[in-house]
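In this text the structure is predicted, and so the values were computed from the model without any measurement.
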Amino acid sequence: MSDIALKVQDLSKHFTIRNNVFSKKKTIQAVNRISFEVQTGESLGLIGESGSGKTTVANLLLKLIESSEGRIELFGKDITHLHEDSMRIYRRDIQIIFQYTHAVLDPKMTIEELLREPLEIHQVVTKNHIDDEVDRLLEMVGLSKSEKIKFPSQLSGGQNQRILIARAIATRAKVIVCDEPVSALDVSVQGQILNLLLKLKEELDLTYVFITHDLNVVKHMCNRIAVLE
């Protein structure tokens with residue numbers, strides 16, 4: 001396995017928009033020729049003000065949107081132009097923790113169903129072991145087994161963020177992109193989630209790309225920083 005977990009070269013994303021059918025098209029440069037490397041086991045802080053393109057970068061790294069230019073390598077493999085079917089293999093290695101849980105967690109699914117989903121899609125364990133794996137994931141993120149029969153609306157914001165973390169590590173991912181994972185939480189809960197992420201990083205030998213605007217979070221979580229202007 002490469003010592004460089006993630007390598008980004010001259011990555012750009014341009015959006016073309018028009019206000020109405022009569023107006024001229026306008027090109028917005030959301031991300032413009034950024035480059036960085038993340039060593040295996042490292043935590044890189046990617047910081048910038050609102051509108052600097054941080055979340056766009058997160059979506060590009062996971063190939064949730066396609067880049068306009070540039071190159072993305074995951075453990076030495078160029079994934080820039082992989083189609084969705086081919087990318088599915090690599091999604092086991094790179095996952096994301098989003099900022100807003102309500103935008104990700106299906107309110108009609110129980111916690112057990114939400115945790116079973118990545119296990120089944122990526123065939124992480126055999127069907128006979130899925131129930132045990134769900135229980136193990138809940139324990140790893142500090143939740144009791146009794147929570148799995150509940151729905152997201154029955155949990156607190158901090159608990160739902162723990163479910164997002166559990167889904168991210170469910171695939172045995174080695175690279176986790178954390179997109180403002182605590183900014184939507186109460187201050188009293190933020191420290192608990194950050195400490196959980198540090199604990200999991202140590203236990204699972206994870207590599208983080210930590211996207212945030214909060215310098216205190218960067219100081220607590222990251223080895224190095226890169227600034228988006």
When every non-hydrogen atom of Ala168 is compared with those of Ile97, the smallest separation belongs to CB-CG1, 3.8 Å

Any salt bridge linking Arg71 with Asp78? Criterion: basic side-chain nitrogen under 4.0 Å from a carboxylate oxygen.
yes

Closest non-hydrogen atom pair between Pro152 and Leu105, with its separation
CG-CB, 4.0 Å

Considering residues at least two apart in sequence or located in another chain, which fulfil the side chain to side chain donor-acceptor pair (under 3.5 Å) criterion with Ser12?
none

Distance from Leu155 atom CG to Lys150 atom NZ, nearest 0.5 Å?
6.0 Å

Is there a side-chain contact between Tyr208 and Leu200 in this structure, where contact means two heavy atoms from C-beta onward sitting under 4.5 Å apart?
yes

Stepwise side chain to side chain contact (heavy atoms under 4.5 Å, CB included) test for Val182 and Gln161:
CA-CA 8 Å; Val182 298; Gln161 197 65 18; 5.8 Å; no

Side chains of Leu44 and Asn223 in contact at under 4.5 Å (non-hydrogen atoms)
no

Linking I/L/V/M/F/W/Y whenever any side-chain heavy atoms sit under 4.5 Å apart, do Val217 and Ile47 land together?
no

Is the shortest side-chain N to carboxylate O distance from Lys199 to Glu202 below 4.0 Å?
no

CA sep, side-chain torsions, deciding dist, call: Thr16, Lys26, side chain to side chain contact (heavy atoms under 4.5 Å, CB included):
CA-CA 6 Å; Thr16 301; Lys26 184 193 306 184; over 6 Å; no

Are Ile225 and Leu11 joined in one hydrophobic group, where the rule is that I, L, V, M, F, W and Y side chains link up if heavy atoms are under 4.5 Å apart?
no

Leu60 reachable from Phe98 in the ILVMFWY side-chain graph, under 4.5 Å edges:
yes

Output the distance between atom CG (Leu6) and atom CD (Glu42), rounded to the nearest 0.5 Å.
10.5 Å

Sequence neighbours excluded, which residues qualify as side chain to side chain donor-acceptor pair (under 3.5 Å) partners of Thr101?
none

Quick one, Val125 with Arg172, criterion side chain to side chain contact (heavy atoms under 4.5 Å, CB included). Give me CA distance, side-chain angles, the key distance, then yes/no.
CA-CA 11 Å; Val125 295; Arg172 309 289 202 272; 4.0 Å; yes

List the residues meeting ring-ring contact (aromatic ring centres under 6.0 Å, His included) with His213, not counting sequence neighbours, and say none if there are none.
none

Side chain Thr80, main chain Ile72, donor-acceptor under 3.5 Å:
yes

Arg136 bridged to Glu133 by N-O distance under 4.0 Å:
yes

Is it the case that atom NE2 in His129 sees more than 12 heavy atoms from other parts of the structure closer than 6.0 Å?
no

Would you say Ile163 ends up clustered with Ile149 if hydrophobic residues are merged whenever their side chains have heavy atoms under 4.5 Å apart, either directly or through other cluster members?
no

Glu203 CD: over 12 foreign heavy atoms closer than 6.0 Å:
yes

Holding to salt bridge (charged side-chain N to carboxylate O under 4.0 Å, His left out), I want the full list of residues that pass it with Glu180, two or more places apart in sequence or in another chain.
none

Backbone N/O of Val189 and side chain of Gln192: donor-acceptor pair under 3.5 Å
no

How long is the gap from CG on Asp10 to OG on Ser68, to the nearest 0.5 Å?
13.0 Å

Can you name the closest pair of heavy atoms from Met221 and Ser43 and give their distance?
O-OG, 3.1 Å

Look at the side chain of Lys201 and the backbone N and O of Gly41, then say whether any donor-acceptor pair between them is shorter than 3.5 Å.
yes

So, for Ile165 and Leu197, which heavy atoms are closest and what is the spacing to 0.1 Å?
CD1-CD2, 3.8 Å

Is a side-chain donor-acceptor pair under 3.5 Å present for Gln99 with Ser183?
yes

Do the side chains of Lys145 and Glu147 get close enough for a salt bridge, i.e. N-O under 4.0 angstrom?
no

Using a 4.5 Å cut-off on heavy atoms from C-beta on, say whether the side chain of Thr110 contacts that of Lys148.
no

Under 3.5 Å, side chain of Thr40 to main-chain N/O of Asp3, donor-acceptor pair present?
yes

Whether the side chain of Lys54 engages the backbone of Glu49 through a donor-acceptor N/O pair (distance < 3.5 Å, no angle test) should be reported.
yes

Strictly by modelled atom types, are Asp186 and Ser188 linked by a side-chain donor-acceptor pair under 3.5 Å?
no

Find the distance between NE2 (His81) and CE (Met87) and round it off to the nearest 0.5 Å.
13.0 Å

Counting C-beta onward and ignoring hydrogens, is there a side-chain heavy-atom pair between Ile79 and Glu73 closer than 4.5 Å?
no

Quick one: do Ile4 and Phe75 satisfy side chain to side chain contact (heavy atoms under 4.5 Å, CB included)? Show the steps, please.
CA-CA 6 Å; Ile4 299 176; Phe75 294 112; over 6 Å; no

I'd like to know if the side chain of Arg162 and the backbone of Val141 have a donor-acceptor N/O pair within less than 3.5 Å.
yes

Tell me whether Glu139 at atom CD has more than 12 heavy atoms from other residues, nucleotides or ligands lying less than 6.0 Å away.
no

For residues Thr56 and Ile65, determine if any side-chain heavy atom of one lies less than 4.5 Å from a side-chain heavy atom of the other.
yes

Determine which pairs satisfy side chain to side chain donor-acceptor pair (under 3.5 Å) with at least one residue from residues 86-95, sequence neighbours left out, and list them in order.
Glu84-Arg91

Spacing of CG belonging to Asn59 relative to CG belonging to Asp179, to within rounding of 0.5 Å:
7.0 Å

Rounded to the nearest 0.5 Å, the CD1 atom of Ile94 sits from the OG1 atom of Thr171 at a distance of 10.0 Å

With distance as the sole test, does Glu37 use its side chain to make a donor-acceptor pair with the main-chain N or O of Lys7 at under 3.5 Å?
no

Same cluster (ILVMFWY, side-chain, under 4.5 Å), Phe36 and Leu215
no

Could you tell me which non-hydrogen atom of Arg167 sits nearest to which non-hydrogen atom of Leu114, and how far apart they are?
NH1-O, 2.6 Å

Minimum heavy-atom distance between Asp205 and Lys174, given as atom pair plus value:
O-CD, 4.1 Å

Residues which pass ring-ring contact (aromatic ring centres under 6.0 Å, His included) with Tyr100, listed by chain and number, not counting sequence neighbours
His102

For Lys13, does its backbone N or O pair with a side-chain atom of Ser67 as donor and acceptor, under 3.5 Å?
no

